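So the structure is just underneath, and the comments pick up after that.
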Amino acid sequence: MTYFLVVCASVFLPSWCWSFDESPIKVIVIDPGHGGEDTGAIGPSGLEEKDLTLAIAKRLARILKDRLDCRVLLTRSKDVYISLEERTAFANKNRADLFISIHANAARRKGARGVETYFLSFEASDDEARMVAAFENNMVGIDGRVSDGKIDDIKAILWDLVQTEAHHQSASLAESIHTSILRVTGGENRGVKQAPFIVLAGATMPSVLVEVGFITNPIEEKRLSRRSFQKKIAEAISDGVLRFERRLKERAGYVELREGR
Ligand SMILES: [Zn+2]
């Protein structure tokens with residue numbers, strides 16, 4: 001015989017009080033990077049980041065709806081331009097519990113490869129992370145120079161946000177998704193990193209940005225263009241979200257007691 005004891009630790013997580021069969025994650029917003037005139041990075045064979053991110057996001061939405069029985073919303077479901085700020089505002093307006101922004105990486109060096117998962121930070125983990133954020137923030141000019149002006153504008157928001165519980169949860173969500181992607185795809189581990197991404201800056205819920213591979217690497221571009229591989233990535237991200245959900249439940253005191261006879 002099995003007993004379930006549910007302890008709702010309202011002192012620590014006052015808004016996340018649920019019964020044992022209920023998920024603490026009710027709404028997930030998935031953000032397919034770029035769109036419309038903003039193609040994102042383009043691979044040597046012509047694969048555009050905006051198309052790849054939309055394909056993965058749609059598949060991920062279907063999988064998460066099936067596996068978590070929650071509302072899953074996309075910031076865009078077609079090829080349209082949406083500003084970075086609008087994407088986060090959409091997640092806040094819909095009271096999302098998680099925000100997952102999907103991207104593909106770019107590098108001048110054709111051999112660059114692997115998977116990176118980011119969460120928000122005032123300072124970038126390293127120079128490469130700083131460049132990735134600059135690219136995704138649309139701060140890299142056609143001359144290749146980086147303008148940091150936009151980051152100055154959001155300094156105050158970043159400073160407030162990194163103090164919140166949601167931000168601490170972002171680190172855990174990033175680690176969980178990253179581990180799953182590496183396990184399922186066998187991609188090279190470039191690590192969980194931090195950088196000042198505008199698209200994550202205004203989010204009030206745990207939020208991450210996943211760079212699923214290098215579209216500028218001919219081998220990775222070919223792999224990323226395959227539907228079967230896109231499905232693998234979507235399943236891996238979903239695995240990571242489910243593991244994160246279990247951690248949330250454990251933290252809130254969801255305890256399973258087995259009688260042992
Ligand atoms: Zn991107």
Side-chain angles (χ1 to χ4, degrees), residues 25 27-43 46-68 70-94 96-106 115-120 132-133 135-138 170 173-174 177-178 180-181 184-185 187 195 197-203 205-216 220-221 223-241:
I25 299 172
V27 182
I28 299 175
V29 167
I30 303 168
D31 173 44
H34 312 278
E37 69 219 38
D38 173 15
T39 59
I42 301 177
L47 178 64
E48 297 188 351
E49 185 183 352
K50 66 173 183 177
D51 296 329
L52 173 66
T53 59
L54 184 58
I56 294 172
K58 283 183 169 175
R59 205 173 265 277
L60 175 60
R62 284 198 294 274
I63 297 171
L64 282 173
K65 269 180 201 162
D66 283 351
R67 294 179 70 184
L68 259 176
C70 62
R71 279 178 79 210
V72 183
L73 306 170
L74 298 176
T75 53
R76 67 178 178 98
S77 53
K78 51 189 182 196
D79 185 16
V80 288
Y81 174 80
I82 301 171
S83 74
L84 297 169
E85 292 84 356
E86 281 176 293
R87 294 164 191 260
T88 329
F90 176 81
N92 290 339
K93 196 180 98 191
N94 284 285
D97 297 299
L98 300 183
F99 178 78
I100 302 168
S101 190
I102 297 172
H103 289 260
N105 228 328
V115 181
E116 289 173 345
T117 308
Y118 284 91
F119 62 101
L120 185 69
V132 170
F135 185 82
E136 302 297 9
N137 289 342
N138 296 326
S170 297
L173 177 64
I177 288 176
H178 189 73
S180 294
I181 296 180
V184 172
T185 67
F197 288 96
I198 291 172
V199 75
L200 304 180
M205 71 294 301
S207 49
V208 296
L209 184 146
V210 187
E211 298 279 358
V212 296
F214 277 80
I215 204 167
T216 46
E220 293 213 339
E221 181 198 23
R223 209 157 64 132
L224 289 165
S225 66
R226 283 193 211 114
R227 286 194 178 183
S228 57
F229 193 71
Q230 293 166 7
K231 183 170 173 246
K232 267 189 174 184
I233 293 172
E235 282 170 350
I237 296 173
S238 160
D239 288 348
V241 169

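As the structure is a prediction and not an experimental result, all values here were calculated from the model.
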For the backbone of S180 and the side chain of D239, can you confirm whether one donor and one acceptor N or O come within less than 3.5 Å of each other? no
Is it true that a side-chain atom of K50 and a backbone atom of D38 form a donor plus acceptor pair closer than 3.5 Å?
no
Side chain to side chain contact (heavy atoms under 4.5 Å, CB included) for I237 and I181? Distances and angles first, verdict last. CA-CA 6 Å; I237 296 173; I181 296 180; 3.9 Å; yes
CD1 (I30) and CZ (R87) are apart, to the nearest 0.5 Å, by 13.5 Å
Looking at N92 and A203, would you say the former's side chain and the latter's main chain have a donor-acceptor pair under 3.5 Å?
no
Could you tell me whether a side-chain N or O of E49 sits under 3.5 Å from a main-chain N or O of A104, the two making a donor and an acceptor?
yes
Check: Is a donor on one side and an acceptor on the other found under 3.5 Å between the side chain of R76 and the backbone of K78?
Finding: yes
Smallest heavy-atom separation, I215 atom then A41 atom, equals CG2-CB, 3.5 Å
| field | E211 side chain vs A106 backbone, donor-acceptor pair below 3.5 Å | value | no
Only residue of T88, T53, T75 satisfying side chain to side chain donor-acceptor pair (under 3.5 Å) with D31 is T75
**Asked** Taking the side chain from K58 and the backbone from S77, do they hold a donor-acceptor pair closer than 3.5 Å?
**Response** yes
Tightest non-hydrogen contact, residues F119 and A174, listed as CD2-CB, 4.0 Å
The ring-ring contact (aromatic ring centres under 6.0 Å, His included) partners of H34 (sequence neighbours excluded) come to H103
Can you check whether G213's main-chain N or O pairs, donor with acceptor, with N105's side chain at less than 3.5 Å?
no
